[in-house]
Amino acid sequence: MSKIFCGWLLSLLLVFSVYAENVNPSALPNLKRPANPWCVPLVSRLPKVSLSDCQSSALQASGAVSHKGFPLLIRDVPANDISDPSARKQPIRILLIGGIHGDEKTASAIVFKWIDKLNTAKDKSANEFHWKIAPVVNPDGLLATKSTRVNANGVDLNRNFPTPNWLAEAPQYWRKKTQSDPRRFLGKAPLSEPESRWIFNQMEQFQPDVIISVHAPFGVLDFDGSGTPPTKFGRLLFNRVGVYPGSLGNYGGVHKDIPVVTIELPNSQQMPSDAEVARIWQDMLNWVQENISPIKVASK
Ligand SMILES: [Zn+2]
């Protein structure tokens, strides 16, 4: 190869690399930019959730952000038109929350799988409900170098809800029953954290008929509030875990009388099989259909 040709090739490569470094993707209409830039960090932590699963979940930034500034994401899925409008005045409203504890990775991942089921619309009853879905309500905990139960401020968000007598009961419970376990630190005041405030605001604005919150790894179902608890979702059986000062179940179920189902998956790192993911979803839909009444919305 001649020296002249080599020099020409080198200049061409140099020009191209300078261009590649400075190019603005928005100026190139044919280059697709990701619709949801948050998906790249999220899927790096979530078992069995692909980038396309996350992109097609169509989550939106709510405007609120976590302690470290990560957007708190939500998907609003209004009910489809109901064929017989006289049969039901209002759709049942479901607030579905995943990953309030950031190190329970499957608790967020499974919610992405259920959004996909909702998107593919094979189940009619799922589309009769009005959903608000937030699969990653503690993004800082999930995205920490080593994922943490608590948020970036060291607070267990599931102890930070304003249950009655929080100031008297919650600190005492934390000191005496948990021996001041830092993984269960309740925060300095109820709703001291942006993530718990955001969930609280969703409850106030959306007025859900039922709240479903996904955790791991106890492998059971829990239920707070009046009404009939679920007996079985997939392989998960009803078995009370407990009621804690400042927990979402205590605040929503006991204090606000909104039924709160806590789903505890059996493993926080490994997803259940696809068949089990589908069974839990289907059993959950059936239970909501049979046990939750939308009539309460009108009287709230
Ligand atoms: Zn948990």
Side-chain angles (χ1 to χ4, degrees), residues 47 92 94-111 113-114 117 133-135 137-138 141 147 149-150 156-161 163 169-170 173-174 176-179 181 183-184 186 196 199 203 208-293:
I92 295 169
I94 306 176
L95 178 60
L96 173 58
I97 289 172
I100 198 166
H101 293 139
D103 56 354
E104 299 167 4
K105 295 178 181 176
T106 53
S108 287
I110 200 167
V111 178
K113 296 295 178 189
W114 291 337
K117 293 191 183 301
I133 308 177
V137 294
N138 181 6
S147 295
R149 173 183 173 95
V150 294
D156 180 344
L157 301 171
N158 205 32
R159 300 291 181 271
N160 195 240
F161 287 89
T163 48
E169 288 177 6
Y173 185 95
W174 179 64
K176 291 195 172 170
K177 298 277 174 130
T178 79
Q179 278 76 50
D181 181 355
R183 295 182 74 245
R184 287 169 174 77
L186 62 157
S196 50
I199 296 169
M203 292 166 68
D209 297 304
V210 59
I211 298 170
I212 297 163
S213 180
V214 192
H215 289 251
F218 295 112
V220 294
L221 299 173
D222 199 357
F223 180 79
D224 293 287
S226 54
T228 310
T231 52
K232 190 172 177 289
F233 288 177
R235 293 181 176 180
L236 304 172
L237 303 177
F238 177 68
N239 193 346
R240 280 208 185 278
V241 175
V243 180
Y244 310 99
S247 76
L248 176 64
N250 189 347
Y251 173 70
V254 180
H255 180 55
K256 299 283 281 184
D257 199 24
I258 305 166
V260 179
V261 178
T262 300
I263 297 178
E264 281 277 355
L265 298 173
N267 190 305
S268 60
Q269 310 296 313
Q270 286 184 354
M271 282 286 276
S273 68
D274 292 348
E276 177 68 355
V277 169
R279 276 193 296 265
I280 298 172
W281 170 249
Q282 192 55 56
D283 289 347
M284 183 168 83
L285 298 179
N286 293 344
W287 176 82
V288 170
Q289 192 73 273
E290 287 162 19
N291 294 281
I292 299 299
S293 166

Heavy-atom side-chain contact between L265 and I280 under 4.5 Å: yes
Heavy-atom count check: over 12 atoms from other residues, nucleotides or ligands less than 6.0 Å from R240 CZ? yes
Rounded to the nearest 0.5 Å, the OG atom of S273 sits from the CZ atom of R235 at a distance of 6.5 Å
Taking the side chain from N250 and the backbone from Y244, do they hold a donor-acceptor pair closer than 3.5 Å? yes
Determine whether a donor-acceptor pair (N or O, by modelled atom type, separation under 3.5 Å) exists between the side chain of W287 and the backbone of I292. no
Can you name the closest pair of heavy atoms from G99 and S108 and give their distance? CA-OG, 3.5 Å
Side chains of I212 and F233: does their closest heavy-atom pair fall under 4.5 Å? no
For the pair K232 (side chain) and G234 (backbone), establish whether a donor and an acceptor sit closer than 3.5 Å, ignoring hydrogens and angles. yes
Can you tell if the side chain of D224 reaches within under 4.5 Å of the side chain of L248, non-hydrogen atoms only? no
Output, in order, the C-alpha distance, side-chain angles, deciding distance and verdict of side chain to side chain contact (heavy atoms under 4.5 Å, CB included) for K105 and M271. CA-CA 9 Å; K105 295 178 181 176; M271 282 286 276; over 6 Å; no
Is there a side-chain contact between T163 and S247, using heavy atoms and a 4.5 Å cut-off? no
Does one side chain, of H101 or D156, offer a donor that lies under 3.5 Å from an acceptor on the other? yes
Who pairs with N267 by side-chain contact (heavy atoms from CB on, under 4.5 Å), at least two apart in sequence or on another chain? Q269, Q270
Specify the closest pair of heavy atoms between S196 and F161, including all atoms of both residues, with the distance to one decimal. O-CE2, 3.7 Å
Pairs in or reaching into residues 242-251: which pass salt bridge (Lys or Arg N to Asp or Glu O under 4.0 Å), with residues at least two apart or in two chains? none
Return the minimal non-hydrogen interatomic distance between G102 and S147, and the atom names on each side. O-CB, 3.8 Å
For the residue pair R184 and K177, establish whether any side-chain heavy-atom pair is separated by less than 4.5 Å. no
Quick one: which of E290, Q289, Q282 gives a side chain to side chain donor-acceptor pair (under 3.5 Å) with N286? Q282
Return the OG1 to CG distance between T262 and L221, rounded to the nearest 0.5 Å. 9.0 Å
N158 and H215, any side-chain heavy atoms less than 4.5 Å apart: yes
Quick check: do E264 and L236 have side-chain heavy atoms less than 4.5 Å from each other? no
Would you say V210 and I94 make side-chain contact, with heavy atoms under 4.5 Å? yes
Take L157 and V137, measure what side chain to side chain contact (heavy atoms under 4.5 Å, CB included) needs, and give me the verdict at the end. CA-CA 9 Å; L157 301 171; V137 294; 5.5 Å; no
Check salt bridge (charged side-chain N to carboxylate O under 4.0 Å, His left out) between R183 and all other residues, then give those that pass, not counting sequence neighbours. D103
